[in-house]
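Take a look at the structure below.
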Amino acid sequence: GQGMTLDEQVARGDRAARLLADPLLVEAFDVLERELHQAWLNSPAGHEREREQIWLMVQLHRRVKGHLEEATKTGRIAQLQIENEEQRRR
């Protein structure tokens with residue numbers, strides 16, 4: 001979101017919020033989280049490489065979700081800045 005106008009940040013935040021609320025994406029994230037957890041639980045002892053790959057997938061999942069959450073927060077902050085600027089002009 002760097003280099004964007006406040007309006008662009010608001011629009012981007014709105015899109016991210018809609019994605020995070022989309023039932024299909026929520027379901028996909030939930031399924032992925034459950035499947036990765038199960039894969040980790042079912043991985044045999046001594047299979048560090050397999051567990052490390054599962055850990056990396058969990059981290060990637062968290063980064064994707066976190067990126068969308070951060071865009072949502074940034075959009076809300078940008079909206080507040082726009083509202084504050086509008087009130088100052090009155």
Side-chain angles (χ1 to χ4, degrees):
Q2 294 176 330
M4 293 184 180
T5 67
L6 291 176
D7 287 331
E8 289 169 333
Q9 289 176 23
V10 170
R12 184 171 180 264
D14 287 346
R15 285 193 309 272
R18 282 194 306 275
L19 283 172
L20 286 169
D22 185 282
L24 187 57
L25 190 61
V26 169
E27 177 187 337
F29 279 163
D30 288 346
V31 167
L32 179 61
E33 211 169 291
R34 275 195 314 273
E35 287 179 355
L36 290 173
H37 185 85
Q38 275 305 120
W40 179 79
L41 287 174
N42 295 330
S43 63
H47 286 150
E48 290 86 13
R49 184 171 168 83
E50 182 180 336
R51 287 183 177 184
E52 186 173 307
Q53 288 176 335
I54 294 167
W55 181 85
L56 289 172
M57 287 186 273
V58 168
Q59 296 310 308
L60 180 58
H61 169 258
R62 287 180 180 167
R63 286 190 68 187
V64 169
K65 197 170 182 180
H67 185 78
L68 293 172
E69 290 168 345
E70 189 61 35
T72 301
K73 289 177 194 170
T74 300
R76 280 194 227 122
I77 292 169
Q79 182 62 46
L80 290 173
Q81 286 179 291
I82 290 170
E83 291 169 7
N84 285 339
E85 287 176 13
E86 288 173 352
Q87 281 189 347
R88 271 188 262 142
R89 288 185 198 137
R90 292 179 192 164

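We count residues from 1, following the sequence as given. Note: hydrogens, waters and symmetry copies are ignored here, and every other heavy atom, side chains too, is used.
The distance from atom CG of Asn42 to atom CD of Glu50, rounded to the nearest 0.5 Å, is 9.0 Å. Rounding to the nearest 0.5 Å places CZ of Arg18 at 10.0 Å from OG1 of Thr72. Separation of atoms CG (Asn84) and CD (Gln79) is listed at 10.0 Å; rounding is to 0.5 Å. Rounded to the nearest 0.5 Å, atoms CD (Glu86) and CZ (Arg90) are 6.5 Å apart. For the atom pair Arg76 CZ and Asp14 CG, the distance stands at 10.0 Å (nearest 0.5 Å).
Side chains of His37 and Arg34 form no contact here, defined as non-hydrogen atoms less than 4.5 Å apart. Side-chain contact check for Arg89 versus Glu85: some heavy-atom pair is nearer than 4.5 Å. Taking 4.5 Å as the limit, every side-chain heavy atom of His67 sits out of range of all side-chain heavy atoms of Val64.
Residues satisfying the salt bridge (Lys or Arg N to Asp or Glu O under 4.0 Å) criterion with Glu48, sequence neighbours excluded, are absent altogether.
Listed here is the closest heavy atom pair of Leu25 and Leu68: CD2-CD1, 4.2 Å. Met4 approaches Gln9 most closely through the heavy-atom pair O-NE2, 3.2 Å. Contact record, Ser43 with Arg51: OG-NE, 2.7 Å, taken as the closest heavy-atom pair.
Side-chain atoms of Thr74 do not come within 3.5 Å of backbone N or O of Ala71 as any donor-acceptor pair.
Salt-bridge check for Glu69 with Lys73: failed, with every basic side-chain N at 4.0 Å or more from each acidic carboxylate O.
Grouping Ile, Leu, Val, Met, Phe, Trp and Tyr residues whose side-chain heavy atoms lie under 4.5 Å apart, directly or via other members, places Val10 in a hydrophobic cluster with Leu6, Ile82.
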List the atom pairs, with distances to 0.1 Å, where a side-chain N or O of residues 53-62 and a protein N or O form a donor-acceptor pair under 3.5 Å, not counting sequence neighbours.
none

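No chain of hydrophobic side-chain contacts below 4.5 Å, direct or via other Ile, Leu, Val, Met, Phe, Trp or Tyr residues, connects Leu24 to Phe29.
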